[in-house]
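In this chain, residues are counted from 1 in sequence order. Counting starts at 1 for both ligands and their atoms, in listed order.
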Amino acid sequence: MCLMNETPNPIEVPEFESLAAAVEWLGLDISEDQLAQLDAYRQLLWDWNEKINLTRHTTFAKFAARDLLDTVELAKHLEQGERVLDVGSGGGVPGIPLAILRPDLTVSLCDSVGKKSRVLEDLVANLALPITVYPARAEEVLEVTTQGALVARGVASLKKMLTWLAPHWDAFDRLVLIKGKAWVEERGEARHYGVMKGLQLRRLASYESPLLGESVILSITPAEN
Ligand SMILES: C[S@@+](CC[C@H](N)C(=O)[O-])C[C@H]1O[C@@H](n2cnc3c(N)ncnc32)[C@H](O)[C@@H]1O
């Protein structure tokens, strides 16, 4: 089940005829070359979406104000040259736009559903991006790789994710999550079930999307002694 919040739009959203127009509306700082690559990704994703359900963000406004805005905000909190695994990448967000916006990163994607991983492989090949795709659960990927940051959007509650990842903290440094405003309740649940023990959660940023309201970037690391 997709956990991405689909609350009604708080404002009247203009209809755009290009990604460039939607990006300008949001005031996102994206170079012309990157915009061309992002638009190529968007087109391939929408083409695949006709055959397999990958995204509901099938207008320029939604793609820009949800997928690109989230990725731009996330990108600000990753270290130079960091190894990043996108957990539960689905149609490729945030991992694919992240690799386009931050070519210094070493980005990998994983999805536990085989047909989604095959689409990810096709997208990455068509866009000629240096991304590895793992057709596996993140927990399995962490048995065979080490990562700096695990990033995720819309995959599972904090409680679930921290439970899955608990045996694997040796294989990565931190978890960086894009969450909607329900993160506070999720943190309460995770604390209640004891899965935050020994971990430290910090809110790195909060930002407003005209289509969703407040979102946050959370970082979870082992607690310092
Ligand atoms: C709702 S989709 C979100 C996709 C994408 N991150 C986005 O925001 O558009 C969640 C995806 O996570 C995948 N998934 C769930 N648990 C996973 C796990 N433990 N490891 C890897 N993928 C997982 C599912 O197959 C699904 O494609």
Side-chain angles (χ1 to χ4, degrees), residues 1-7 38 41-42 44-49 51-75 78 84-101 105 107-124 129 131-145 147 149-169 171-172 175-183 186 190 195 207 209 211-212 215-218 220:
M1 187 186 70
C2 216
L3 296 178
M4 285 184 303
N5 197 342
E6 293 291 344
T7 49
L38 290 166
Y41 162 56
R42 173 206 58 75
L44 290 165
L45 176 63
W46 289 4
D47 289 348
W48 266 112
N49 210 45
K51 297 172 214 142
I52 155 174
N53 188 17
L54 296 164
T55 182
R56 292 191 211 164
H57 303 160
T58 52
T59 66
F60 290 115
K62 284 186 183 171
F63 180 76
R66 301 290 312 273
D67 299 331
L68 296 192
L69 179 60
D70 282 347
T71 310
V72 164
E73 291 297 328
L74 173 68
L78 297 169
V84 176
L85 174 68
D86 182 11
V87 173
S89 196
V93 178
I96 292 180
L98 191 59
I100 293 171
L101 293 170
L105 301 173
V107 176
S108 302
L109 314 176
C110 70
D111 203 287
S112 52
V113 172
K115 61 186 175 186
K116 291 191 182 178
S117 295
R118 286 192 287 280
V119 172
L120 290 171
E121 277 162 4
D122 181 78
L123 294 170
V124 164
L129 289 168
I131 292 178
T132 304
V133 178
Y134 295 97
R137 291 184 67 85
E139 304 90 297
E140 294 164 332
V141 180
L142 294 170
E143 298 281 351
V144 293
T145 70
Q147 304 289 335
L150 302 193
V151 300
R153 184 186 76 170
V155 176
S157 67
L158 265 179
K159 176 194 164 227
K160 264 195 188 172
M161 225 167 186
L162 293 175
T163 304
W164 297 341
L165 297 175
H168 301 285
W169 276 97
F172 66 102
L175 182 58
V176 185
L177 301 173
I178 300 165
K179 288 276 180 195
K181 48 183 176 287
W183 76 271
E186 287 190 27
V195 295
Y207 56 97
S209 164
L211 300 192
L212 186 63
S215 293
V216 294
I217 307 287
L218 302 178
I220 299 158

* Answer with side chain, backbone, both or neither: which part of Lys116 has a heavy atom less than 4.0 angstrom from an atom of ligand 1? => side chain
* Asked: Contact between Glu139 and ligand 1, counting heavy atoms under 4.0 Å?
  -> yes
* To do: Compare Leu109, Asp86, Val93, Asp67 and give the one whose heavy atom is closest to atom 6 (N) of ligand 1.
  => Val93
* Has ligand 1 got any nitrogen or oxygen that is less than 3.5 angstrom from a nitrogen or oxygen of Trp164? -> no
* Asked: Under the side-chain contact (heavy atoms from CB on, under 4.5 Å) criterion, do Leu177 and Ile217 qualify, and how do the steps go?
  -> CA-CA 6 Å; Leu177 301 173; Ile217 307 287; over 6 Å; no
* Structure fact -> Of Leu54, Thr55, Val155, the residue with the heavy atom nearest atom 15 (C) of ligand 1 is Val155
* Asked: In Å, rounded to the nearest 0.5 Å, how long is the span from CG of Asp70 to CG of Leu98?
  -> 11.5 Å
* Can you name the nearest heavy-atom pair linking Val133 to Ser117, along with the distance? -> CG1-O, 3.8 Å
* To do: Run the numbers for me: atoms of ligand 1, each under 4.0 Å from some heavy atom of Gly154, listed by number.
  => 1 (C), 2 (S), 3 (C), 10 (C)
* Tell me which part of Ser89 gets within contact of ligand 1: side chain, backbone, both or neither, using heavy atoms under 4.0 Å. => backbone
* Kindly identify the option in Ala152, Ser112, Gly95 whose heavy atom sits closest to atom 17 (C) of ligand 1. => Ser112
* Give the C-alpha distance, both sets of side-chain angles, the deciding distance and a yes or no for side-chain contact (heavy atoms from CB on, under 4.5 Å) between Leu142 and Leu165. => CA-CA 9 Å; Leu142 294 170; Leu165 297 175; 3.8 Å; yes
* Please check if the side chain of Glu186 supplies one atom and the backbone of Leu158 the other of a donor-acceptor pair under 3.5 Å. => yes
* Structure fact -> Arg137 heavy atoms within 4.0 Å reach ligand 1 at atoms 19 (N), 20 (N), 21 (C)
* Aromatic plane relationship, Phe63 with Trp46 - under 30° parallel, 30 to 60° tilted, over 60° perpendicular -> perpendicular
* Beyond-backbone contact of Ile96 with Ile100, side-chain heavy atoms, under 4.5 angstrom -> yes
* Asked: Is the closest heavy atom of Ala136 to ligand 1 under 4.0 Å?
  -> yes
